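Because only heavy atoms are used, hydrogens play no part in the values below, and waters and symmetry mates are left out as well, while side chains stay in. Because the structure is predicted, anything quoted here is derived from the model rather than measured.
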Amino acid sequence: VQLQASGGGLVQAGGSLRLSCAASGIMFSFNAMGWYHHAPGKQRELVADIMPGGSTNYADSVKGRFTISRDNDKNMVYLQMNSLKPEDTGVYYCNTLRPGTYWGQGTQVTVSS
């Protein structure tokens with residue numbers, strides 16, 4: 001399994017970023033996928049997930065601001081992040097909804113106030 005997230009960066013509060021994740025080594029189109037947020041000093045948490053058929057779920061903290069999507073042909077999952085807040089700062093990872101111990105490469109998002 002390989003999971004490589006990209007697209008993070010430094011942005012001012014209210015700004016936007018689009019994260020991408022390339023997945024390989026899994027039957028991607030059969031797996032629900034999620035984006036996880038690891039904030040400094042906190043546990044990693046699931047903030048958005050998407051089922052193989054495209055239905056989505058969001059944590060209350062990001063609902064209405066973030067949009068998760070996927071491209072099963074390209075084995076890619078995306079996270080459009082709008083109206084970013086300083087509390088969105090952290091490392092973002094993609095993974096299945098049963099992540100195990102492998103987390104792959106995350107991408108750092110820093111939101112300045």
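V11 and S16 make their closest contact through CG2-N, 4.0 Å (heavy atoms, listed as atom of the first residue, atom of the second, distance). The shortest heavy-atom contact between A23 and L3 is CB-CD2, 3.6 Å. Heavy-atom minimum distance, S83 versus D88: O-OD2, 4.4 Å. Closest heavy-atom contact between A59 and L46: CB-O, 3.9 Å. The shortest heavy-atom contact between T89 and H37 is O-NE2, 2.7 Å.
N95 places a side-chain N or O within donor-acceptor distance of the main-chain N or O of Y102, the cut-off being under 3.5 Å.
Comment: D60 engages K63 in a salt bridge, judged by a side-chain N to carboxylate O separation of less than 4.0 angstrom.
The residue from N72, D71, D73 that alone fulfils the side chain to side chain contact (heavy atoms under 4.5 Å, CB included) condition with S29 is N72. With L17 as the fixed residue, the side chain to side chain contact (heavy atoms under 4.5 Å, CB included) test singles out one of N82, V109, T107: V109.
For the atom pair I68 CD1 and Q80 CD, the distance stands at 12.5 Å (nearest 0.5 Å). The distance from the CG atom of N31 to the OG1 atom of T96 is 5.5 Å, given to the nearest 0.5 Å. To the nearest 0.5 angstrom, L19 atom CG is 8.0 Å from F66 atom CZ. Rounded to the nearest 0.5 angstrom, M76 CE and C21 SG are separated by 7.0 Å. To the nearest 0.5 angstrom, L84 atom CG is 10.0 Å from S112 atom OG. Separating the CE atom in M33 from the OG atom in S69 is a distance of 12.0 Å, to the nearest 0.5 Å.
Taking 4.5 Å as the limit, every side-chain heavy atom of F30 sits out of range of all side-chain heavy atoms of P52. Contact of the K85 side chain with the V62 side chain is not registered, since no non-hydrogen atoms from C-beta on lie closer than 4.5 Å.
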(request) Test side-chain contact (heavy atoms from CB on, under 4.5 Å) on N57 and M51 and set out the steps. (result) CA-CA 9 Å; N57 296 286; M51 298 299 116; 4.3 Å; yes

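Linking ILVMFWY side-chain heavy atoms closer than 4.5 Å, directly or via other members, places Y92 and I50 in a single hydrophobic cluster.
Figure legend: R65 and Y58 shown without cation-pi pairing, the cationic atom not lying both under 6.0 angstrom from the six-membered ring centre and within 45 degrees of its axis.
Between Y93 and H38, the two ring planes are tilted [angle within 30° to 60°].
Side-chain contact annotation: Q4 with S6, donor-acceptor N/O pair under 3.5 Å absent.
The distance between the ring centers of W103 and Y36 falls below 6.0 angstrom.
No more than 12 heavy atoms of other residues, nucleotides or ligands lie within 6.0 Å of CD in Q2, so this atom counts as exposed by the packing criterion.
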